[in-house]
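For reference, the structure discussed in these notes is given below.
It should be emphasised that the depicted structure is a prediction, and the values quoted were computed from it without experimental measurement. Atoms within each ligand, like the ligands themselves, are counted from 1 in listed order.
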Amino acid sequence: MNYLVEEKFELGPLVTFVPNKKYPVYNWFHFKEGFSRNFVMMMFDQFKLKEGSWVLDPFCGSGTTLLASKERGINSVGVDVMPLAVFVSQVKTLDYDVDCLKSVARDIFSRKFVPLSLKGLSPLVKQAFTKFALEDILFFKQVISEIRDPVVKNFFTLALITASNKVSMAYKDGSVIKIRKRNHIPPLRPIFKRIVKKMLNDLKTFQTKKSTIKVYLGDARHLNFLEDSTFDAIITSPPYLNIIDYIKVYAIENELFFGQTKYDGLRSYIGLDVEKDYSEFDYLDIPPIGKAYFRDMKDVLSEMHRVLSPNGDAVIVVGEGVFPNKIVPVPFILSDIAKSIGFKVKKIVHANKRIVTDQDRKKIGIARESIVFLKK
Ligand SMILES: C[S@@+](CC[C@H](N)C(=O)[O-])C[C@H]1O[C@@H](n2cnc3c(N)ncnc32)[C@H](O)[C@@H]1O
């Protein structure tokens, strides 16, 4: 299929999370796979969204689309299958009573440390932290669990998750968690305190407008809780083909704070089920997992089409997949599927590219990350 294709590599950084690091609230949790506030703002302008418009992100991750909507007074709905993502999105987009938070913070940091048992924690979690750091994390988790107001409790839990990551020896390397021994690991308490202080300061300076924001734990393939033709725009980025297993990459956070300890077979929920029929995509010369990915993305695109209002815009940030020996042109295949569903494909903009090599460092090809513009 022929599409209008543009190369705009100056947009590259905008489709990554990196620029968010310097933005208050956006940076309350480092979500490596996210896109940036300014990308979303650019889409709002391009689609001429105004206060009161409705926008959907069916793979909302750390809530970038929702938070940007809040800044603009645009109403938004976010959906994600991972409890951690839903939690982060909610905490970043709620309204708070800062004085109440300050008084709870004073109480938390006045508590005397009591060591708790580390029994039952997985080997991964035990490798990721020193015994002292883990004891501190569990102690503060216990203190926070006593807070009655769930909004306040969640605010401090997010601060603790971020503080825990700062004293962790684990780091996320693409799709896997690696452990790196550190000579000097600062104690958790002052870091946690500093993060709480920063979050409280952010709340004082961050300017938002009145809007409705809803975040659902759900599956982008089945948005039956959303009505037909309700959204003016969709701004989203699905899991990339065969790369990130979100549940696994965030396994430490998921175990320590969400009691989620089973990760086998939870691969990102898109392209997971290779038992279910994917023969519609047999024309693609790719392994079953790739065909299952497109079968699932077809369901997602159908749902996106259904909930979008007539003439509504949808934008999808997605990368080309790298199977062992070949590059799969995901943005083009998704465009073909979108077209078959009834979308108009406005254009495909390549924003990033990288050289991909195999295990022997032989070049496989160039994989691009692109922005697909669709219209209902
Ligand atoms: C590329 S990330 C989105 C990042 C987001 N744009 C941000 O700025 O933080 C993809 C997200 O899709 C979620 N996900 C995977 N499968 C899903 C499904 N079937 N339904 C909804 N969300 C899903 C993952 O948990 C992950 O948070």
Where ligand 1 meets P239 - atom numbers and elements under 4.0 angstrom, heavy-atom basis: 15 (C), 16 (N)
Lys/Arg cation over aromatic Y171: R180, 6.0 Å, 45° cone: yes
Those atoms of ligand 1 less than 4.0 Å from some heavy atom in M82: 25 (O)
Contact check, S89 vs ligand 1, heavy-atom distance below 4.0 Å: no
NZ/NE/NH1/NH2 to OD/OE distance under 4.0 Å, E6 and K347: yes
Proximal atoms of ligand 1 relative to V81 (non-hydrogen, under 4.0 Å): 14 (N), 15 (C), 16 (N), 17 (C), 18 (C), 20 (N), 21 (C), 22 (N), 23 (C)
For D219, atoms of ligand 1 separated by under 4.0 Å from a heavy atom: 18 (C), 19 (N), 20 (N)
R72 to F44, cation-pi by 6.0 Å centre distance and 45° axis angle: no
Over 12 non-hydrogen atoms of neighbours within 6.0 angstrom of NZ in K48: no
Where ligand 1 meets G218 - atom numbers and elements under 4.0 angstrom, heavy-atom basis: 20 (N), 21 (C)
Enumerated ligand 1 atoms positioned under 4.0 Å from heavy atoms of S62: 7 (C), 9 (O)
Element-labelled atoms of ligand 1 that are located less than 4.0 Å from some non-hydrogen atom of T64: 7 (C), 8 (O), 9 (O)
Distance-only N or O hit between ligand 1 and E33, under 3.5 Å: no
R221, any N or O under 3.5 Å of ligand 1 N or O: no
Side-chain heavy-atom pair Y3, F373 within 4.5 angstrom cut-off: no
Between N75 and E51: side-chain donor-acceptor atoms closer than 3.5 Å: no
Linked, directly or transitively: L121 and F132 (ILVMFWY side chains, under 4.5 Å): no
Connected hydrophobic set around V215, excluding itself, where side chains approach under 4.5 Å: L66, V86, I213, L217
Proximity to ligand 1 by part of F59, non-hydrogen separation under 4.0 Å: both
Euclidean distance, F35 CZ relative to E369 CD, rounded to 0.5 Å: 11.0 Å
N/O separation below 3.5 Å, P238 to ligand 1: no
Candidate with minimal heavy-atom separation from atom 20 (N) of ligand 1, of P58, A220, S237: A220
